[in-house]
Colleague: 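Handing you a structure now.
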Amino acid sequence: MVNLDTLLKDISRITPKYAKTLEKMKLVTVRDFLLYFPFRYDDFSQTVLLSESHLDKAVTVEGKITKAKSFRARSRRMTITEIIMEDENNTLLKAVWFNQPYILESLSQGSKIRLSGKLSLDDGTYSMSNPAWEKSSRDATNTGRLVPVYPETAGITSKWIRWQMKTLLPLARQMEDVLPEDIRKKYHLPDIYAALAQIHFPDSNNSLLLSQKRMAFQEMFLVQLKALQVKRDWGKKNSPDIKFDETLVGNFVKSLPFKLTDAQRKASFEILKDLERSHPMNRLLNGDVGAGKTVVGAIAALQTISAGYQTAIMAPTEVLAKQHFESFCELFGNYDFSVALLTNSYKVIRHPELGQKPSEGSASNYAKFTDNSKKLSKHIADSSFRKSGTQNDGRKELLKRISDGDINLIIGTHALIQKDVKFKNLALVVIDEQHRFGVAQRSALQSETMNIDDGDKKTVPNLLTMTATPIPRTLSIAYFGSLDLSILDEMPKNRKPIITKAIAPSGQNKAYEFVRSELKKGRQAFVIFPLVIESEKMTEVKAATEEHKRLSEKIFPEFKLGLMHGKLKPKEKEETMRDFKNGKYNILVSTSVVEVGIDVPNATVMIIENAERFGLSQLHQFRGRVGRGEHQSYCFLFTGGKKGSGTFFRQADQTGKKVPDPLTNRGIPKRLKILEETNNGFRIAEEDLKLRGPGQFFGTLQSGLPDITMENLSNVKLIKFAREEAAAILQADPQLKKHPLLKDALRKFSEKIHLE
Ligand code: ADP
Ligand code: MG
């Protein structure tokens, strides 16, 4: 008897060759197969009689075959199969297929068929090219309905999957429903069988949407159950209590050359309160680029170190780790803390005795120390070394000083939580994630954090995660449900909003003139060629190189232009960035590799090419690289570039069709207007979520969540309800003793994705 746990390879209709491919797709049992979802649907639900009113639309037609033949095309080495079909009104249609001669075996003259595809007119005769086909006597599976299209792997077609799915689907009736019935009833969601049946073979768009929603709800419900459990368990662990020393923090804040924003104050306070508790903090600091997260992290570090514990700060790249090292050396210039930088290529220590300490804090002393920090950067450059024999010695020595507790603050990439790094008493870990760590990586980081040898077996370090850009609150709950949330939704007062303008091709010369006038004033500019997807890397590099040439020769011959792209080695990238920062170039032409966190206060203009291809949040993130100094900054969003970047498409609708973005009368996608109107990253993020779904917030990184769930993450209510129901169940039944199905699903789910 075939059941849900039957192995696909044991099913007679599935040959070993197919079974192998399925296994590669991680489809092993019948259950796996039933849970393999279409990624889009072809809407062939409209069955029509042949008529001009249906031309150029995807439709289904039915009729009798009057002629059928296969022949070799003369000019090309290709077999053409051609049939003539006559519909009920005796109107004729010609259908052709290429290189599929075996079709003829099924489509013989006189038989009745159904064809689905785009209807055209060819020399006065209706025609379809490569239509989907099916005998009329068969159930509508591949034609005449909303037809599921599955992600295809070499060797397995959607048609084959549909065929198998049709026969295996009844077994879904045996599937246990992990979603408790009362919840299903409350939200009017179909049961698991009905949902699966509609997802594979939908009767209508509505029932499809409802079923997708149900699956997304289930997934989100499990995510939230897991997140709440993790939160609860995390809260049961111990951490050192770090007393809030008001004088210490007050003096530090007073010594800063600026006044903290209210948002920074509030976030710092929340963090300091967390540190006081004997349970570990697990908090997300969510704020816009330039909102001043570093100084909030510094306050947490200051308090932790002053209480006698170590702090670790982790950045996603070496460049950012180094920049943090410099910032922290500067911020803690008045304190006797030793700070170390540990990445794969750098191992540097800054000891208090190195360089003079500035006398007690005023703004001018701060400036003096900035000079000092230049000496420090030099020191960094001198003592940096690539992998070599001596480097290992350096590393060893540094590791020893860390485990001895001689180093108070250690900054690095994830090299910093590798197994050989031992701490004496680590009490705070700050992860500045800049969006680079995906869900899976982040969870690994978090569990690694729990297992870091922090020098004290009985406690767990406090954890502070910082994001690079604003994430809508609902998304934070969906993705970071186990974390407490602090939000920096306010920019420092001295910031001038970046003046942003979308520019159609006709306006580009004027924009160049404007850039020229800024450069003449001594300012600098970025020209960004953003990377769309990883596989385009090569073309992007080429495009950026060509653009660099064009701009240097034709547009800005009197200026110096630097070039930065993903194919440069990290060292070269850093050099280019440093040269730009030091004014060696007036313009930096770059792909999206320019680090988000990089500070070049003298850069006041940014041109983003092909802007219509990007999400609002991404564009906002790019432009955050200007506007970091005292001068007014500008961002020009170039659209419809010379290179024919194509129409911009918004997120696919539920049936998988892409929706074109409406244009303004300037011929610019409407949504870009939002960037012209506001600099508020949270508002932009909300709009972006509505327009494009959640995908772009996490870049191309695998979220670990199924597509259906991803699509529904813009559904605020779904997330909210899933969270509420999960909390209610855990409240009533903390160990899920009364919900064995759920408990089991959660265990399997946790093996699949890790959100702890
Ligand atoms: P991000 O949140 O992107 O990490 P940073 O912490 O790098 O931002 O801060 C950006 C810049 O703003 C830094 O130069 C920092 O010194 C400065 N800054 C931070 N807070 C304030 C403030 N309250 N007022 C003025 N400038 C600030
Ligand atoms: Mg930062």
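The shown structure was predicted, so the numbers you read here are calculated from the model rather than taken from an experiment. Each residue takes its place number in the sequence, starting with 1. Whatever order the structure lists them in is the order used to number ligands and atoms, beginning at 1.
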Colleague: Using a strict 4.0 Å cut-off to heavy atoms of Val289, name the atoms of ligand 1 that fall inside it.
Modeller: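 Near Val289, the atoms of ligand 1 are 3 (O).
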
Colleague: Which is it for Arg495 and ligand 1 at heavy atoms under 4.0 Å: side chain, backbone, both or neither?
Modeller: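 Side chain only.
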
Colleague: Between Glu574 and Lys571, does any side-chain N to carboxylate O distance fall below 4.0 Å?
Modeller: no

Colleague: For Leu563 versus Thr576, what's the shortest heavy-atom pair and its separation?
Modeller: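 Scanning both residues completely, I find the closest heavy atoms to be O-CG2, 3.6 Å.
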
Colleague: Just which atoms of ligand 1 are under 4.0 Å from any heavy atom in Ala291?
Modeller: 2 (O), 8 (O)

Colleague: Does an N or O anywhere in Phe258 fall below 3.5 Å from an N or O of ligand 1?
Modeller: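 Not met; the criterion fails.
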
Colleague: With no hydrogens and no angle check, is any side-chain donor or acceptor of Asp288 less than 3.5 Å from a backbone partner on Pro470?
Modeller: no

Colleague: For ligand 1, which atoms, with element, lie under 4.0 Å from some heavy atom of Leu260?
Modeller: 23 (N)

Colleague: Using a 4.0 Å heavy-atom cut-off, which part of Thr294 comes near ligand 1: side chain, backbone, both, or neither?
Modeller: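 Both parts.
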
Colleague: Under 4.0 Å from a heavy atom of Lys259: give me the atoms of ligand 1 that qualify, with their elements.
Modeller: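 Close to Lys259: 22 (C), 23 (N), 24 (N).
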
Colleague: Heavy-atom distances under 4.0 Å decide this one: backbone, side chain, both or neither, for Gln264 against ligand 1?
Modeller: side chain

Colleague: Check Pro461 against Trp234 and note the closest heavy-atom contact, atom names and distance.
Modeller: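 That would be O-CZ2, 4.1 Å.
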
Colleague: Is it the case that ligand 1 has an N or O less than 3.5 angstrom from some N or O of Gly290?
Modeller: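 Yes, since at least one N or O of Gly290 sits under 3.5 Å from an N or O of ligand 1.
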
Colleague: Kindly determine whether Leu672 and Leu619 satisfy side-chain contact (heavy atoms from CB on, under 4.5 Å), including the steps that lead there.
Modeller: CA-CA 9 Å; Leu672 294 183; Leu619 293 169; 3.5 Å; yes

Colleague: Test of understanding: with side chain to side chain contact (heavy atoms under 4.5 Å, CB included), list the residues that count as partners of Ser306, not counting sequence neighbours.
Modeller: Leu248, Leu302, Phe337

Colleague: Within a distance under 4.0 Å of any heavy atom of Pro492, pick out the atoms of ligand 1 and give their elements.
Modeller: 21 (C), 22 (C), 24 (N), 25 (C), 26 (N), 27 (C)

Colleague: Within the 4.0 Å heavy-atom shell around Thr261, which atoms of ligand 1 are there?
Modeller: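 Atoms satisfying the 4.0 Å criterion: 23 (N).
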
Colleague: Heavy atoms only, cut-off 4.0 Å: how does Leu488 contact ligand 1, side chain, backbone, both, or neither?
Modeller: neither

Colleague: For Asn680, give me all partners under side-chain hydrogen bond (donor to acceptor under 3.5 Å, both in side chains), at least two apart in sequence or on another chain.
Modeller: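 So Asn680 forms no side-chain hydrogen bond (donor to acceptor under 3.5 Å, both in side chains) with any residue.
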
Colleague: Is it true that Ser486 and Glu270 share a donor-acceptor pair across their side chains at a distance under 3.5 Å?
Modeller: yes

Colleague: If you draw a 6.0 Å radius around CZ in Arg473, do more than 12 non-hydrogen atoms from other residues or ligands fall strictly inside?
Modeller: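 No, the 6.0 Å shell around CZ holds no more than 12 heavy atoms from other groups.
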
Colleague: May I ask whether Gly287 has any heavy atom positioned less than 4.0 angstrom from an atom of ligand 1?
Modeller: no

